[in-house]
Amino acid sequence: MVGNAIWPYDPQSDVQQKPYTEHPPAQSQQISIIIAARNNSAYLAETIESAFDQSIPCQVIYADDCSFDDSISIARRYEKQGLIIIESPFHSGVCETRNRGADKATGDYLLFLDGDDILPPNYIQQHLDKMSPSTPFVYGGAEAFGDYSTLWNAPEWSDGRLWLRNFVNTSALWNRQAFETAGRWRNKINTMWDWDLALRGSRLGTPARSTAVLRYRQHSSSWSANIQTKYQKRQEVLLPQMRQICSRLSVGSIISGRLPDFFPQWLSAVSQAVKLISSEEPVELVLLDNSNNVDTLNKMRAETSRYINTFETIRIISHPNSFSFKNEKERRDKTARFMAQACNRLRVEMRGDIHWLIEDDILVPLESGINLFTELTAQRIPPNAVSGCYRNRHTETQFVGGQFDDHHIVKAFSEIGSETRAVDYCGTGCLMFWKDRTPRYWNSHYRNIPAHDWEWCSRLKSSDGTLLMLPTVHCGHAKSPTEILY
């Protein structure tokens with residue numbers, strides 16, 4: 001909840017609170033177009049006219065960011081048509097200027113327009129046709145014109161992978177309550193404001209794609225032309241920065257109760273690793289309690305209460321799944337099914353953009369979180385998942401991770417070396433991954449072998465996903481509270 005805005009919007013709330021009126025409000029009160037600009041006098045008239053020339057009437061607002069050309073004089077020509085002008089005595093930047101325009105807007109839907117771009121006549125209508133009460137925003141493509149011409153055709157949402165690159169331009173149509181709940185426009189790295197807002201807004205529901213195409217003017221004085229964000233070196237710096245600023249981390253674990261006395265040490269290590277990440281977004285901790293023991297649950301509650309300043313939320317969810325077995329094969333089969341089912345439960349319960357699974361017998365080093373998080377968000381195209389290293393407590397000469405050979409036989413590492421490397425599989429002991437770029441479900445068996453982690457990793461590999469193992473994240477594997485295997 002931000003201010004008086006609540007998302008998702010419930011249209012029935014208006015039915016209950018507002019008296020019946022025979023005539024619905026004019027459509028011009030439903031949509032507000034906010035033009036935010038500074039020193040765009042050469043193009044401003046064409047931009048304003050494109051807003052008034054929409055096939056459906058809209059409220060049009062011009063928010064000026066302390067222009068020193070004749071932008072205000074040009075805007076005043078349209079006051080008789082209903083243009084609302086907001087002046088500023090000082091330069092505050094594009095984000096603050098857009099937000100000031102939003103403060104003045106009365107529409108249920110908001111569309112932001114730069115002072116040198118043009119809306120085709122059916123632009124608003126095409127966006128509005130794709131809007132529903134649960135849609136946070138509707139986006140479309142853009143056609144560059146002016147100094148050069150090109151078409152940026154926006155993908156369908158299910159194919160877009162917004163965390164990889166931005167395809168949502170400034171002139172998306174926003175449900176006003178989603179815009180407010182997402183946190184409005186903000187300036188974090190002095191560019192990529194559209195991507196920042198779209199990433200936050202996409203958490204509130206499924207955005208929709210429209211066939212409308214914005215006319216996006218390119219000229220020597222435009223912001224996009226000057227900051228050179230289209231060049232590879234600039235992108236390699238800015239993309240990771242924005243991912244690190246915007247992404248929300250969820251830490252999850254299945255607490256079996258096998259090592260109850262190890263839990264305080266485990267949680268202390270996890271907490272320290274999370275603090276070192278210094279995430280700008282809140283971090284949550286989700287624990288599935290499979291201990292089936294009231295005393296263990298009470299100890300967990302008491303211990304986690306010490307870390308309320310590290311995690312925004314700490315949820316302990318009862319997961320009393322138990323099974324019996326007659327032999328080792330049956331034990332392995334049922335354990336694999338349980339682990340797959342528990343990982344699926346965690347995936348639903350963990351609400352972050354990045355998930356970090358840490359098994360309850362893995363002791364993560366202090367720098368594990370920042371090393372994994374940095375590697376996962378780096379580069380123009382970051383990996384899908386990253387893993388720490390730890391030894392197999394059943395076969396101590398091997399690490400949990402390695403390659404599949406040509407016959408799909410697992411070859412585990414006996415040494416991990418010192419270089420980060422791409423691997424075919426790892427365990428779930430210390431695994432961090434993008435929620436929207438990895439397999440949606442966990443299955444229990446890999447080619448009839450009970451191994452939920454192998455199966456998940458094999459599907460990631462088959463979809464050309466990248467899984468990296470970091471030797472710098474060398475975890476301990478607890479055989480007992482006092483015996484840690486490294």
Can we call the ring centroids of [X] and [Y] under 6.0 Å apart?
| X | Y | value |
| --- | --- | --- |
| Trp185 | Phe112 | yes |
| Tyr109 | Phe179 | no |
| Tyr216 | Phe145 | no |
| Phe433 | Trp456 | yes |

Measure the shortest side-chain to side-chain distance between [X] and [Y] over non-hydrogen atoms and say whether it is less than 4.5 angstrom.
| X | Y | result |
| --- | --- | --- |
| Thr472 | Pro365 | no |
| Pro155 | Arg165 | yes |
| Val168 | Pro207 | no |
| Arg243 | Leu199 | no |
| Ser253 | Leu288 | no |
| Met350 | Leu357 | yes |
| Glu281 | Glu312 | no |
| Ile35 | Leu44 | yes |

Cationic N near anionic O, under 4.0 Å, [X] to [Y]:
| X | Y | answer |
| --- | --- | --- |
| Asp117 | Arg215 | no |
| Asp436 | Arg347 | no |
| Arg184 | Asp103 | yes |
| Lys461 | Asp424 | yes |
| Asp114 | Arg98 | yes |
| Arg447 | Glu455 | no |
| Glu284 | Arg248 | no |

[atom1]/[X] to [atom2]/[Y] distance, rounded to the nearest 0.5 angstrom?
| X | Y | atom1 | atom2 | value |
| --- | --- | --- | --- | --- |
| Leu470 | Leu468 | CG | CG | 6.5 Å |
| Lys130 | Gln125 | NZ | CD | 12.5 Å |
| Gln244 | Glu280 | CD | CD | 9.5 Å |
| His127 | Trp174 | NE2 | CH2 | 11.5 Å |
| Arg380 | Leu238 | CZ | CG | 10.5 Å |
| Trp193 | Ile189 | CH2 | CD1 | 9.5 Å |

Do any N or O atoms from the side chain of [X] and from the backbone of [Y] form a donor-acceptor pair under 3.5 angstrom?
| X | Y | result |
| --- | --- | --- |
| Asp108 | Gln30 | no |
| Thr181 | Ala178 | no |
| Asn175 | Pro136 | no |
| Ser444 | Arg337 | no |
| Ser67 | Asp64 | no |
| Asp70 | Ser73 | no |
| Arg217 | Gly146 | no |
| Thr97 | Gly93 | yes |

### Message
Determine whether Thr310 and Ser271 satisfy the following criterion, side-chain hydrogen bond (donor to acceptor under 3.5 Å, both in side chains), listing intermediate values before the conclusion.
### Response
CA-CA 7 Å; Thr310 301; Ser271 174; 3.2 Å; yes
Considering all heavy atoms of both residues, which atom of [X] and which atom of [Y] are nearest to each other, and what is their separation?
| X | Y | value |
| --- | --- | --- |
| Cys343 | His452 | SG-CD2, 3.9 Å |
| Ala422 | Gln403 | O-NE2, 3.2 Å |
| Glu375 | Pro383 | O-CD, 3.4 Å |
| Tyr78 | Ile48 | CG-CG2, 3.7 Å |
| Phe137 | Ala172 | CD1-CB, 4.3 Å |
| Leu467 | Val386 | CD1-N, 4.1 Å |

### Query
If you measure only the distance, is there a donor-acceptor pair under 3.5 Å linking the side chains of His319 and Glu349?
no
### Message
Can you see whether Asn384 engages Thr438 through a side-chain donor-acceptor pair at a distance of less than 3.5 angstrom?
### Response
no
### Query
Only one of Ser171, Ser210, Ser55 forms a side chain to side chain contact (heavy atoms under 4.5 Å, CB included) with Tyr123, so which one is it?
Ser171
#### Entry: Derivation of the side chain to side chain contact (heavy atoms under 4.5 Å, CB included) call for Ile85 and Arg76
CA-CA 8 Å; Ile85 300 175; Arg76 292 201 189 285; 3.9 Å; yes
### Query
Given Asp65 and His91, is the side-chain hydrogen bond (donor to acceptor under 3.5 Å, both in side chains) satisfied, shown in steps?
CA-CA 5 Å; Asp65 188 17; His91 172 47; 2.7 Å; yes
### Task
Classify the ring geometry between Trp454 and Tyr425 as parallel (under 30°), tilted (30 to 60°) or perpendicular (over 60°).
perpendicular
### Query
Is there a side chain to side chain contact (heavy atoms under 4.5 Å, CB included) between Ile84 and Lys104 once you walk through the steps?
CA-CA 9 Å; Ile84 298 170; Lys104 199 75 172 179; 4.0 Å; yes
### Query
For Ser318 and Asp289, what are the C-alpha separation, side-chain angles and deciding distance, and is it a side-chain hydrogen bond (donor to acceptor under 3.5 Å, both in side chains)?
CA-CA 5 Å; Ser318 178; Asp289 174 30; 5.4 Å; no
### Task
Show your reasoning for whether side chain to side chain contact (heavy atoms under 4.5 Å, CB included) applies to Trp434 and Leu376.
CA-CA 8 Å; Trp434 288 102; Leu376 191 65; 3.4 Å; yes
#### Entry: Within 6.0 Å of CD1 in Ile381, more than 12 heavy atoms from elsewhere
no
### Query
Taking everything shown except Asp159 itself, do over 12 heavy atoms lie less than 6.0 Å from its CG?
yes
### Task
Determine the sole option in Arg437, Lys435, Arg203 for which the side-chain hydrogen bond (donor to acceptor under 3.5 Å, both in side chains) test with Asp353 is passed.
Arg203
### Query
Hey, mind stepping through Phe311 and Val270 against side chain to side chain contact (heavy atoms under 4.5 Å, CB included) and telling me if it holds?
CA-CA 11 Å; Phe311 301 98; Val270 171; 4.3 Å; yes
### Query
Step by step, would you call Ser50 with Thr47 a side-chain hydrogen bond (donor to acceptor under 3.5 Å, both in side chains)?
CA-CA 5 Å; Ser50 77; Thr47 297; 5.6 Å; no
